[in-house]
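See below for the structure under consideration.
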Amino acid sequence: VKVKIPFGNKYLDAIFSVPEKKTAYGVILTHGAGGDMNFPHLVSLAAYLASHGVLCLRFTCKGLNVAYRTKAFKAVVEYLKLSDDYKLSGVFLAARSMGSRAAASVICQLSQGEDDDGFIQGLVCLSYPLHRPKLQSKLRDEDLLLIRCPVLFVSGSADEMCEKQLLEGVVSKMKAPKKIHWIDKGNHGMAVKGRTADDVMEEVNAQVFSWLRENVQLQHK
């Protein structure tokens, strides 16, 4: 289902992947610095989640400025929260690369305000860009260290923007419940020599779904 989401004086293009049965939880999904919501990994994940009973709303925001992307992501969260068509009790934010920095920033901003109602249940970072290539001294970890909701990282072990030991170091300092799933020998685009893109996507999708399921169950205990 295609929708236009109001954002300032513009609209963001978005698509709902709707499961057959009504669901209490959804995932908002967005892309990295390049591409849009039709990036193959996102399309694959959205279809997988919907077929396993999770509503997924993916959207395009072309801005290359993290603050702008954060505002756009917030607008999408508000839109879904107020949606009459899909009355959800909570959402997980999921995004690739730069999009996951924006998602982390949204969670920090919303959880520090008075209006934190627990609507955002967790964060999925696909290829989180912890540092620029070859610039390991400057880590983009400030938002991650403030987050309290559960976080899943899915990263390639050979990601040139997320050195394995550095991410493990940041994660060990995080106060949130967290998990890392490494795609063995995957790069920032999660390409792995000797494996098809579909094969890698299946691994990513299954990891994301099982983590979502665990975290939804935890909240219902």
Beyond-backbone contact of [X] with [Y], side-chain heavy atoms, under 4.5 angstrom:
{"X": "Asp141", "Y": "Met174", "result": "no"}
{"X": "Ile15", "Y": "Val3", "result": "no"}
{"X": "Arg69", "Y": "His31", "result": "yes"}
{"X": "Pro129", "Y": "Ser100", "result": "yes"}
{"X": "Phe73", "Y": "Gln109", "result": "no"}
{"X": "Asp13", "Y": "Lys4", "result": "yes"}
{"X": "Val216", "Y": "Gln121", "result": "no"}
{"X": "Arg195", "Y": "Met190", "result": "no"}

Is Lys179 atom NZ crowded by more than 12 heavy atoms from other residues, nucleotides or ligands, each under 6.0 Å away?
yes

Count the heavy atoms of every other residue, nucleotide or ligand shown that sit under 6.0 Å from CD of Glu142, and state whether that count exceeds 12.
yes

Verify side chain to side chain contact (heavy atoms under 4.5 Å, CB included) between Lys138 and His131, making sure each step is shown before the conclusion.
CA-CA 6 Å; Lys138 282 194 172 162; His131 51 78; 5.9 Å; no

Closest heavy-atom contact between [X] and [Y]?
{"X": "Ala75", "Y": "Pro6", "value": "CB-O, 4.0 Å"}
{"X": "Leu88", "Y": "Val91", "value": "CD1-CG1, 3.9 Å"}
{"X": "Gly189", "Y": "Arg96", "value": "CA-NH1, 4.2 Å"}
{"X": "Ala176", "Y": "Ile147", "value": "CB-O, 3.4 Å"}
{"X": "Cys162", "Y": "Ser155", "value": "SG-OG, 4.1 Å"}
{"X": "Val192", "Y": "Gly186", "value": "CG2-CA, 3.6 Å"}

Should [X] and [Y] be counted in the same cluster of Ile, Leu, Val, Met, Phe, Trp and Tyr side chains packed under 4.5 Å apart?
{"X": "Leu49", "Y": "Val43", "answer": "no"}
{"X": "Ile107", "Y": "Val170", "answer": "yes"}
{"X": "Ile120", "Y": "Leu82", "answer": "no"}
{"X": "Leu166", "Y": "Trp182", "answer": "yes"}
{"X": "Tyr79", "Y": "Met37", "answer": "no"}

How long is the straight-line distance from [atom2] of [Y] back to [atom1] of [X], given to the nearest 0.5 Å?
{"X": "Leu130", "Y": "Leu144", "atom1": "CG", "atom2": "CG", "answer": "7.5 Å"}
{"X": "Phe59", "Y": "Ile28", "atom1": "CZ", "atom2": "CD1", "answer": "7.5 Å"}
{"X": "Asp36", "Y": "Cys61", "atom1": "CG", "atom2": "SG", "answer": "11.5 Å"}
{"X": "Leu93", "Y": "Ser105", "atom1": "CG", "atom2": "OG", "answer": "11.0 Å"}
{"X": "Leu126", "Y": "Phe39", "atom1": "CG", "atom2": "CZ", "answer": "9.5 Å"}
{"X": "Lys173", "Y": "Glu168", "atom1": "NZ", "atom2": "CD", "answer": "13.0 Å"}

Do the rings of Phe92 and Tyr25 sit parallel, tilted or perpendicular, given the 30° and 60° boundaries?
tilted

Just say parallel, tilted or perpendicular for the rings of His52 and Tyr48, cut-offs at 30° and 60°.
parallel

List the steps, then state whether side chain to side chain contact (heavy atoms under 4.5 Å, CB included) holds for Asn38 with Leu42.
CA-CA 7 Å; Asn38 296 317; Leu42 302 190; over 6 Å; no

Stepwise side chain to side chain contact (heavy atoms under 4.5 Å, CB included) test for Lys10 and Leu12
CA-CA 7 Å; Lys10 288 190 246 185; Leu12 299 169; over 6 Å; no

Of the options Val204, Leu45, Ile180, Asn205, which is the one that meets Val154 in a side-chain contact (heavy atoms from CB on, under 4.5 Å)?
Val204

Can you check whether Ala24's main-chain N or O pairs, donor with acceptor, with Ser89's side chain at less than 3.5 Å?
yes

If you apply the rule side chain to side chain contact (heavy atoms under 4.5 Å, CB included), what do you find for Ser97 with His188, and how did you get there?
CA-CA 8 Å; Ser97 192; His188 189 62; 2.8 Å; yes

